[in-house]
2 protein chains.
Amino acid sequence: MNIDWEDIKTVLYLVKGGSLAKAGAQLGVNYTTVARRISRLENALDQQLFLKAKAGYIATEAGLRVAEAAEGMEKQDHSLRRYLMAAQEPSTGLLTVTAPPLLVGPYLAKVIKMFNAAHPNVGINIRATNSTLDLNKPEADIAIRVSNTPDENLVGQRLAKQRVASFASAELAQALQDDPGATIRWLGMTYWTSPPKASLKHYPNAEIAFRFDDMSALIGAVQNGLGVARLPMFLGNATNGLVQVPILQPQSYWDIWVLTHNDLRTAPKITAFKEILIPYFKKKAPEFWGEAV
Amino acid sequence: MNIDWEDIKTVLYLVKGGSLAKAGAQLGVNYTTVARRISRLENALDQQLFLKAKAGYIATEAGLRVAEAAEGMEKQDHSLRRYLMAAQEPSTGLLTVTAPPLLVGPYLAKVIKMFNAAHPNVGINIRATNSTLDLNKPEADIAIRVSNTPDENLVGQRLAKQRVASFASAELAQALQDDPGATIRWLGMTYWTSPPKASLKHYPNAEIAFRFDDMSALIGAVQNGLGVARLPMFLGNATNGLVQVPILQPQSYWDIWVLTHNDLRTAPKITAFKEILIPYFKKKAPEFWGEAV
DNA sequence: TGATTTATATGCAAAAATGCATGTATGAAC
DNA sequence: GTTCATACATGCATTTTTGCATATAAATCA
């Protein structure tokens, strides 16, 4: 009796996805294929792995156990891939870099250009996202992150110390300077709960006027004078029409880090990339630290 | 980039087998399929996994690392199968039992007959061999073994205490009894190095006349008067024409055990089988202990 | 040296797996 | 209630994988 390991993998993705369609999308196959692999495996094992409810496939206890085995197998798979990447020539293959979207244009793009000039045959894959991609999975090889997310398998190096300040349109900043009793209309991200504590000393009248789920949109709103926002120095200073609100002082913020998986610490491609990335950010460090008004 | 786990498995079997043909035989596919899976994987990884010498496929470092990952995955596979067997109904599926060949006919056959009567829908697979099949792999579910091979994952119960004695044809036994100074011509298995120490007190003149690689052949030789052999009680006493050599006393020997994997300790099918096996051997215990002459 | 065994390589046909199109059912939103 | 989105089932054509037959090379042995 032989079990097809691809079928075991399919069970995992069906359990994780919850429906044939999602599992198929993740696996890169048609969803009918998922259904057929499952039924093939169920026949081979002579055991039901999923209850076929109208709402979708629900894993039985046996199905969950199969998924558990698949997870263990996937760990081997991921570990293997890291080894193979580490063993590869520095000048071939593919490198996936993830970074916060707003860092890509002004900074990472130049690093990539330089790296590409030095290693023209390495394909570069950019994933501009704030979500923490899992470096344990082969979702990305190098991550640039604000704050040093702790994970025992990852190694990190600090790229730049960072500060934030309060930015507004020039007009609004002037108005606030003129009238310390004015009410500050703060703009923040969705998860913001209250105005910055340090600001209340100077402007006790404060309210959160608008919340945004997107940093670019928020910046646009600041440019248009809708209110004041606390922004990283490198963003506020580089955005046309924004100035620091006087009186409110900059504050230290989470630093910028580069993270890689421990297994890839010495991989030629990774070190080659870092050798360009780190000096570049060191040179740009003043932009992240900024200056007080 | 997606790696086919069946291809990874194939690498493992090619590394273990050393040639396409052997790997294919183990995997149950044509050897050309093995060759094509390997080249497909090498292309996908953009790395050479084997050096194609005329003498066969020799794994590169990367190939060995792939095999290592496959080994880890296979452990998951085996563990999963044990779980699934343990979860199965006692009255369905397949049960693989391994035992020393000479125990099968006189003892195990009856146990199987009784088990089959109680559970007619369970397929029974007998592997009559002295080689220690690996119960960690799904090579066998239940092993009957002489001696309790220690393995942390296995659980064992003693089926019977056992003794050995010195057997010969009736004629030869008589001759030896008449002449204590006679030279005993011993018959033994290939790995025998010297006559039984205890026998030298009574018959100091001793030599190993013939060695055999097969126990049945050895017994045949004893029947034909070629010499004296130390045999388990249950064999010597049950063989036509053999008698214990007087004077030489029986000795304790390795006991007979039944072994199963710890994961299957409570599996319905396994316990059902043991519930028949153990009482049967308990009843037959005197045959394994035997009697002194 | 010549026969035999054990390797791998490859063209071609059979078999298996997959994708697509279509049909049906269910629950949520309006 | 009607519409829409989502989910599964299945027949059919296509693609992919596999097995078989055949060819070739190296090593072994009489």
Side-chain angles (χ1 to χ4, degrees), chain A residues 1-64 66-67 70 73-74 77, chain B residues 1-64 66-67 70 73-74 77:
Chain A
M1 184 176 94
N2 213 3
I3 304 182
D4 189 312
W5 286 2
E6 285 296 298
D7 292 353
I8 295 183
K9 187 200 280 177
T10 304
V11 171
L12 173 59
Y13 280 81
L14 183 49
V15 168
K16 287 203 290 192
S19 78
L20 297 178
K22 279 171 196 153
Q26 287 291 314
L27 288 165
V29 298
N30 193 279
Y31 76 95
T32 56
T33 299
V34 176
R36 283 186 281 228
R37 284 187 188 166
I38 298 297
S39 74
R40 171 155 46 116
L41 184 58
E42 285 182 333
N43 285 333
L45 299 177
D46 195 25
Q47 247 165 342
Q48 210 167 358
L49 303 176
F50 292 90
L51 303 170
K52 281 109 191 172
K54 296 289 172 175
Y57 276 54
I58 300 160
T60 63
E61 202 180 326
L64 290 174
V66 174
M73 294 167 91
E74 200 174 45
D77 180 351
Chain B
M1 185 175 94
N2 213 3
I3 304 182
D4 188 311
W5 286 2
E6 285 296 297
D7 291 354
I8 294 184
K9 187 200 279 178
T10 304
V11 171
L12 173 59
Y13 281 81
L14 182 50
V15 168
K16 288 203 289 192
S19 77
L20 297 177
K22 277 171 196 152
Q26 287 292 315
L27 287 165
V29 299
N30 192 280
Y31 75 95
T32 57
T33 300
V34 176
R36 283 186 283 227
R37 284 187 188 166
I38 298 297
S39 72
R40 170 156 46 117
L41 184 58
E42 286 183 332
N43 285 333
L45 299 177
D46 194 25
Q47 250 167 339
Q48 209 168 0
L49 303 176
F50 292 90
L51 302 171
K52 282 110 190 173
K54 295 289 173 176
Y57 276 56
I58 300 162
T60 63
E61 203 180 326
L64 290 174
V66 174
M73 295 167 91
E74 199 173 46
D77 179 352

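Below, read A as the first sequence line, B as the second, and so on, with proteins coming before strands; counting in each chain starts at 1.
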query: In Å, rounded to the nearest 0.5 Å, how long is the span from CD1 of A/Ile8 to CD1 of A/Ile3?
result: 5.0 Å
- request: Could you check how far CG of B/Asp4 sits from P of D/dT17, rounded to whole Å?
  value: 9 Å
query: Between which nucleotides of DNA chain C, 5' to 3', does chain A make heavy-atom contacts below 4.0 Å?
result: C/dA17 to C/dT26
- request: Return no unless some side-chain N or O of B/Thr33 is found under 4.0 Å from OP1 or OP2 of D/dG19.
  value: yes
field: Gap separating the CH2 atom of B/Trp5 from the CE atom of B/Met73, nearest 0.5 angstrom
entry: 4.5 Å
- request: Would you please confirm or rule out a distance under 4.0 Å between OP1 or OP2 of D/dA7 and any side-chain N or O of A/Lys52?
  value: no
task: Starting at atom CD1 of B/Ile38, determine the distance to atom C1' of D/dT17, rounded to an integer number of angstrom.
output: 15 Å
task: Provide, to the nearest angstrom, the distance between the CG atom belonging to B/Leu27 and the P atom belonging to D/dG19.
output: 10 Å
query: For DNA chain C, whose closest nucleotide is more 5', that of B/Leu20 or that of B/Arg36?
result: B/Leu20
- prompt: Could B/Arg37 and B/Glu42 be called an ion pair, given the rule that one side-chain N must be under 4.0 Å from one carboxylate O?
  reply: no
query: Hey, mind stepping through B/Ile58 and B/Phe50 against side chain to side chain contact (heavy atoms under 4.5 Å, CB included) and telling me if it holds?
result: CA-CA 5 Å; B/Ile58 300 162; B/Phe50 292 90; 5.9 Å; no
- prompt: When the distance from CG of A/Leu14 to C1' of D/dA7 is rounded to whole Å, what number comes out?
  reply: 12 Å
Close side-chain approach of B/Tyr13 to B/Glu74, heavy-atom, < 4.5 Å: yes
- request: Tell me whether the OP1 or OP2 atom of D/dA21 has a side-chain N or O from B/Tyr31 closer than 4.0 Å.
  value: no
- prompt: How long is the line joining CZ of A/Phe50 and P of D/dC8, in whole Å?
  reply: 11 Å
Whole-Å gap separating P (D/dA9) and CD (A/Glu42): 10 Å
message: Using modelled atom types and a 3.5 Å cut-off, is there a donor and acceptor pairing between side-chain atoms of A/Ser19 and backbone atoms of A/Gly56?
response: no
message: Taking any heavy-atom pair under 4.0 Å as a contact, classify B/Ser19: base, sugar-phosphate, or nothing.
response: sugar-phosphate
- request: Could you tell me whether the side chain of A/Thr10 and the main chain of A/Glu6 form a donor-acceptor pair under 3.5 Å?
  value: yes
